[in-house]
A.B. asks: 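The structure follows.
By convention here, the first residue in the shown sequence is residue 1.
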Amino acid sequence: MRLVIARCSVDYAGRLTAHLPSAPRLILVKADGSVSIHADDRAYKPLNWMSPPCTLKEGADGTDGEAGIWTVINKAGEKLIITMEEILHDSSHELGVDPGLIKDGVEAHLQELLADRIETLGEGWTLVRREYPTAIGPVDILCRDSDGATVAVEIKRRGEIDGVEQLTRYLELLNRDPHLAPVKGIFAAQEIKPQARVLATDRGIDCVVLDYDALRGIEDDKLRLF
């Protein structure tokens, strides 16, 4: 990971345009190629970012050799242009492979139950693997629907925007694998927040509300798919 603290302005050009005026900011360049710009507030949320796959070129208009402008371009041709005025800190650190988030007991059990009863997502569905490994962490469940299409399932006890973002990153990576693509996504949780549902729908991800007792066979064993 590369950490840069700089006084800079930022312009985004793509489906819409956005401008951040000059100010001191933290720029993160991660090993997966993503670039994000952060202020000293907003908790973990970046002011602007570019998800991988994308390319970073340091130089005016994205050409090498001219310091002062960073140009980040994704596969859709969208650009994040960072105009550097003063670099206060620039360092790189090798973090290695992250072991990933350890789920609590309920999430882990939900994953196990749903994997054992994957057909509750749809007739003819089959399990490929639990904890399917990727370069950025394991996907909770990888399965195939009745048409043989690959589906990645992310499971949470409480479904919030963070979980949708996590599944989005998995889908971007999995869809680069020609043996799996196209890969669809399902965001499954006991409770899904309205904002998370809106974001998931906007990204073409289905939402499933999980009934823990039903999956354990205590009550009606149907899932509600919305």
A.B. asks: State which residues pass salt bridge (charged side-chain N to carboxylate O under 4.0 Å, His left out) with K193; sequence neighbours excluded, sorted by chain then number.
C.D. replies: E191
A.B. asks: I want to check something: taking the side chain as every heavy atom from C-beta on, are S34 and P52 in contact at a cut-off of under 4.5 Å?
C.D. replies: yes
A.B. asks: Are T134 and V139 packed together at the side-chain level, in the sense that at least one heavy-atom pair is separated by less than 4.5 angstrom?
C.D. replies: yes
A.B. asks: Would you call V35 and I82 a side-chain contact if the rule is heavy atoms closer than 4.5 Å?
C.D. replies: yes
A.B. asks: Under the rule for side-chain contact (heavy atoms from CB on, under 4.5 Å), what residues qualify as partners of A181, not counting sequence neighbours?
C.D. replies: N175
A.B. asks: Determine the sole option in D145, D206, T150 for which the side-chain hydrogen bond (donor to acceptor under 3.5 Å, both in side chains) test with K184 is passed.
C.D. replies: D145
A.B. asks: Can you check side chain to side chain contact (heavy atoms under 4.5 Å, CB included) on V183 and V151, steps first, answer last?
C.D. replies: CA-CA 5 Å; V183 184; V151 183; 6.0 Å; no
A.B. asks: With the side chain counted from C-beta on, respond yes when I37 and L26 share a heavy-atom pair under 4.5 Å apart, and no when they do not.
C.D. replies: no
A.B. asks: Using side-chain heavy atoms (C-beta onward) and a distance below 4.5 Å, is D140 in contact with V153?
C.D. replies: no
A.B. asks: Between A6 and I87, what is the shortest heavy-atom contact and its length?
C.D. replies: CB-CA, 4.0 Å
A.B. asks: Give a yes-or-no answer on whether the side chains of E123 and S146 include a donor-acceptor pair shorter than 3.5 Å.
C.D. replies: no
A.B. asks: For a side chain to side chain contact (heavy atoms under 4.5 Å, CB included) check, start with the C-alpha distance between Y12 and M50, then their side-chain angles and the critical distance, and finish with the verdict.
C.D. replies: CA-CA 9 Å; Y12 170 79; M50 192 70 81; 4.3 Å; yes
A.B. asks: Is D41 atom CG crowded by more than 12 heavy atoms from other residues, nucleotides or ligands, each under 6.0 Å away?
C.D. replies: yes
A.B. asks: Would you check if R197 and V209 make a side-chain contact, meaning some heavy-atom pair closer than 4.5 Å?
C.D. replies: yes
A.B. asks: Quick check: do V208 and L121 have side-chain heavy atoms less than 4.5 Å from each other?
C.D. replies: yes
A.B. asks: Going from CG on L180 to CG on L142, what distance comes out if it is rounded to the nearest 0.5 angstrom?
C.D. replies: 6.0 Å
A.B. asks: Are a donor atom and an acceptor atom from the side chains of Q111 and E131 found within less than 3.5 Å of each other?
C.D. replies: yes
A.B. asks: Kindly determine whether C143 and I118 satisfy side chain to side chain contact (heavy atoms under 4.5 Å, CB included), including the steps that lead there.
C.D. replies: CA-CA 8 Å; C143 57; I118 199 67; 4.0 Å; yes
A.B. asks: With a 3.5 Å cut-off and no angle check, do the side chains of Y170 and E154 form a donor-acceptor pair?
C.D. replies: no
A.B. asks: Of all heavy-atom pairs between R7 and S22, which one has the smallest distance, and what is that distance?
C.D. replies: CG-OG, 3.5 Å
A.B. asks: Return the set of residues passing side-chain contact (heavy atoms from CB on, under 4.5 Å) with S91 (not counting sequence neighbours), or none when no residue passes.
C.D. replies: L3, H89, H93
A.B. asks: With sequence neighbours left out, what residues match A23 under side-chain contact (heavy atoms from CB on, under 4.5 Å)?
C.D. replies: R25
A.B. asks: Please confirm whether the backbone N or O of V164 pairs with a side-chain atom of T168, one donor and one acceptor, at under 3.5 Å?
C.D. replies: yes
A.B. asks: Considering all heavy atoms of both residues, which atom of V72 and which atom of C54 are nearest to each other, and what is their separation?
C.D. replies: CG1-SG, 3.9 Å
A.B. asks: Tell me every residue that passes salt bridge (charged side-chain N to carboxylate O under 4.0 Å, His left out) with K45, counting only those two or more places apart in sequence or in another chain.
C.D. replies: none
A.B. asks: Holding to salt bridge (charged side-chain N to carboxylate O under 4.0 Å, His left out), I want the full list of residues that pass it with R203, two or more places apart in sequence or in another chain.
C.D. replies: E165
A.B. asks: With a 4.5 Å cut-off on side-chain heavy atoms, are S92 and M1 touching?
C.D. replies: no
A.B. asks: W70 and I81: side chain to side chain contact (heavy atoms under 4.5 Å, CB included), yes or no, with the steps?
C.D. replies: CA-CA 6 Å; W70 289 14; I81 301 171; over 6 Å; no
A.B. asks: Strictly by modelled atom types, are R158 and Q190 linked by a side-chain donor-acceptor pair under 3.5 Å?
C.D. replies: no
